[in-house]
Amino acid sequence: MRIAAVAEAEGGGRLRGPDAQAPGPDGAVRRADDLAAAVAEHERGAADRGTPVRWIVADTAHFYPPLLERGVRIARCHDIALVEALLQGHAGRFGEAHALGAAWARLHGREVPPDPARSGAEGAGPQTALFEPDRSTLPPGVDPLDALVQVHDDQRRRIAELPRPGRFALLAAVESAGALAAAEMAHDGVPWRADVHDAVLTEQLGPRPPAGRRPPVLADLAARIGEALGRSLNPDSPAQLMRAFEAAGHPVASTRSWVLRRVEHPAVPLLLRYKELARLHSAHGWSWLDTWVSGGRFRADYIVGGVVSGRWATRGGGALQIPKVLRRAVVADPGWRLVCADAGQLEPRILAAVSGDSALAAAAGSDDLYARLAGSFGGDRQRAKIALLAAMYGQTGGDAAALLPRMRQAYPRAVDHVDAAAREGEHGHLVRSWLGRTCPPPMWGGADDPEAGPGERAARERGRFTRNFVIQATASEWALVLMAAVRRGLAGLDASRGRPQMVFFQHDELVLHVPAELAEAAAATLRAAADEAAAQMFGDTPVRFPLDVAVVERYSQA
DNA sequence: ATCGGGGGCCAC
DNA sequence: AAACGTGGCCCCCGAT
């Protein structure tokens, strides 16, 4: 059952569902003074009847947070903007406007308005308790409720006409479910102990300095680096460092760590230590803590579909680059546990599933795929791993090149699969994930200039991109299917001691925060969801997708 | 002062 | 070992 919903001023809104006596294909329009209450009522009714509602909304990231503030959760939605972006991408028009207003305009042959700029909440400030004013780009006089229903019908029709409508429908559903999960994660937040974070910083950097000053340990290292190089310098400046090393008789081509590591000079170990600590201080130091952690929670601002491959991005806070040393600060509340799940060796397993390579699929039936590959590489697991990753990433240099022929010989269909994707890219063609997410068109050539060809270098880069895209994008959607199943499973657990929460998601990792009594049930939910994800995506396949699940109090223990 | 490219490093 | 994909973010530094 679908219900289209739009928010209006002061917490009100309108719904258009099937449950009424009024005319029209989808029944009545109902005006609600309290939209959150009306949504909650429908969700309860749907649960009682066993006929879940799919909410048709223009933009989940805009619609859902105010509901969450009111304690209202919804099970399923169809996010018009996200699905429009997927459909546009599939049609070779990646990145074009995809908000409701744009979709409606295209449907009616009108001029397509650019998407509204996102207001992006900065920092961990209080969330908006009210629905924001209408940012729709629909023309005046067009009822957004009508537009939602029309565009939804149109999207369903366009999906039905695709070569693999079932797969794409699954993609649309899990992308939308991901948008719900992202809003819920932002709402609930990762439990984050500011005192532990501060202790880590103090232990590594010394006491917190006044704003704008270097922490003591960094200041000391900078001074000693200067002494070792015989001149005062700023270690943050690659140009100054290059000049200093040159003057000291050790010219370097760059100041990257791995380059410096090969230089024998007393300044090098100091500098390597400095770089490591400076990064911690600038990216996740005290000012990060002040900005992003409040009330014992870190709230990541996820952007669903923010990466071309379908991986999520984040806006501010660097949630997808939390350094490992800080995982000590992620601690479950008293009486609660973290349930951490990590899909091991996800991308090679995806390659096995999508390529239909029987030898690789057989290897992917075990918990350690790389170990099963080792036999083809003289028993060397590490070499097998390098060879497989090189095939997926298009690596041509280093050790990997020598291993590729062996890889091709042992797993021909798998290598063919990614080689074919690379060739498509080199020729300027599009490639798609298993469920139908489509890569952006190349920057060269295009409608304006059909004669323009890529340079050789650009073509090779494009080939590496499309080679990896078919794997990374499919891995991302596997993770989304998993997440949707986990969300469903968690909603079915007993919430009387507190609602189990999904609090962190990072490409192939999921962290739950649950009452201790529910930890085992949550772990079982995760494992069941992994099996479900594999079956939903690939049907009957020998490839396994083992999920490493750990119940811990601290993320660093996972 | 502000912008933006590049260098560098973190995560997967 | 160091030319291998997707990102975010901070710093420097030259251009405006």
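Every chain is numbered from 1 and lettered A, B, ... according to where its sequence line falls, protein lines coming before strand lines. In what follows, every heavy atom counts, from backbone to side chain, and hydrogens, waters and symmetry copies are set aside.
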Problem set entry | Within-4.5 Å side-chain heavy-atom neighbours: P238(A) and S254(A) | no
Seminar exercise, completed: When rounded to whole Å, the NE2 to P distance for the pair H284(A) and dC9(B) reads 16 Å
Exercise. What nucleic acid atoms does R327(A) come within less than 4.0 Å of, heavy atoms only: base, sugar-phosphate, or nothing?
Worked result: sugar-phosphate
Exercise. Where do R328(A) and S556(A) land on the side-chain hydrogen bond (donor to acceptor under 3.5 Å, both in side chains) test, with the steps shown first?
Worked result: CA-CA 5 Å; R328(A) 272 166 59 191; S556(A) 54; over 6 Å; no
Problem set entry | Listed nucleotide nearest any side-chain atom of Q472(A), set dG7(C), dC9(B), dG5(C) | dG5(C)
Exercise. Looking for any heavy atom pair under 4.0 Å, which part of the strands does I322(A) touch: base, sugar-phosphate only, or nothing?
Worked result: sugar-phosphate
Problem set entry | Any S257(A) side-chain nitrogen or oxygen under 4.0 Å from OP1 or OP2 of dC9(B) | yes
Problem set entry | Candidates dA11(B), dC12(C), dC4(C) - which lies nearest the side chain of Q395(A) | dC4(C)
Problem set entry | Phosphate-side-chain proximity, R464(A) and dC4(C), N/O vs OP1/OP2 below 4.0 Å | no
Seminar exercise, completed: Testing dC9(B), dC10(B), dA3(C) for proximity to the side chain of R457(A), the answer is dA3(C)
Exercise. The side chain of V307(A) lies closest to which of these nucleotides: dG5(C), dT6(C), dG8(C)?
Worked result: dT6(C)
For this session: With heavy atoms under 4.0 Å as the rule, sort E509(A) into base, sugar-phosphate or nothing.
Result: sugar-phosphate
For this session: Let me know the distance between CD of Q240(A) and P of dG7(B), rounded to the nearest Å.
Result: 17 Å
For this session: May I ask you to evaluate whether N234(A) reaches the phosphate of dC12(C), defined as a side-chain N or O under 4.0 Å from OP1 or OP2?
Result: yes
For this session: Look at the side-chain N and O atoms of K275(A) and state whether any lies under 4.0 Å from the OP1 or OP2 oxygen of dC9(B).
Result: yes
Exercise. Would a 4.5 Å heavy-atom cut-off, applied to side chains only, mark I303(A) and T314(A) as touching?
Worked result: no
For this session: Would you classify V259(A) as touching base, sugar-phosphate or nothing, given that sugar-phosphate means primed atoms plus P, OP1 and OP2, and contacts are heavy atoms under 4.0 Å?
Result: nothing
Exercise. Should the ring pair H197(A) and W192(A) be called parallel, tilted or perpendicular, given that the plane angle runs from 0 to 90° and is split at 30 and 60?
Worked result: tilted
Exercise. Picking from dC12(B), dC4(C), dG7(B), which would you name as closest to the side chain of T396(A)?
Worked result: dC4(C)
For this session: Would you mind telling me which of dC12(B), dG7(C), dC12(C) lies closest to the side-chain atoms of Q321(A)?
Result: dG7(C)
Exercise. Charged N to carboxylate O below 4.0 Å: is that the case for R311(A) and D508(A)?
Worked result: no
For this session: Could you tell me the separation between the CG atom of L389(A) and the P atom of dA3(C), rounded to a whole number of Å?
Result: 17 Å
For this session: Give a yes/no on whether any side-chain N or O of S282(A) is located under 4.0 angstrom from OP1 or OP2 of dC9(C).
Result: no
Problem set entry | Distance below 4.0 Å between T255(A) side-chain N/O and dG7(B) OP1 or OP2 | no
For this session: Figure out the CG/C1' separation between L277(A) and dC9(B), and round it to whole Å.
Result: 13 Å
Exercise. Taking atom types as modelled and ignoring hydrogens, do the side chains of R413(A) and S355(A) form a donor-acceptor contact shorter than 3.5 angstrom?
Worked result: no
Exercise. Between R467(A) and D419(A), does at least one N-O distance fall below 4.0 Å, as a salt bridge requires?
Worked result: yes
Exercise. Starting at OH of Y274(A) and ending at C1' of dC10(C), how long is that distance when rounded to a whole Å?
Worked result: 12 Å
Exercise. Base, sugar-phosphate alone, or nothing: which one does G317(A) contact when heavy atoms must sit under 4.0 Å apart?
Worked result: sugar-phosphate
Problem set entry | Rounded interatomic separation in angstrom, taking CZ from R279(A) and P from dC12(C) | 15 Å
Problem set entry | Contact under 4.0 Å: R460(A) side-chain N or O vs dC4(C) OP1/OP2 | no
Problem set entry | Distance in angstrom units between W258(A) CH2 and dC9(B) P, rounded | 10 Å
Problem set entry | Closest nucleotide among dA2(C), dG7(B), dG8(C) to the T314(A) side chain | dG8(C)
Exercise. For DNA chain C, whose closest nucleotide is more 5', that of S309(A) or that of R261(A)?
Worked result: R261(A)
Problem set entry | Closest listed nucleotide, where the reference is the side chain of K324(A) and the choices are dG7(C), dC12(B), dG7(B) | dC12(B)
For this session: Nearest whole angstrom, please: distance from the C1' of dA3(C) to the CZ of F465(A).
Result: 18 Å
Problem set entry | Minimum-distance nucleotide (side-chain atoms of R311(A) versus dC9(B), dC13(C), dC12(B)) | dC12(B)
Exercise. Relative to the 5' end of DNA chain C, which residue comes earlier, A239(A) or I303(A), by the nucleotide with the nearest heavy atom?
Worked result: I303(A)
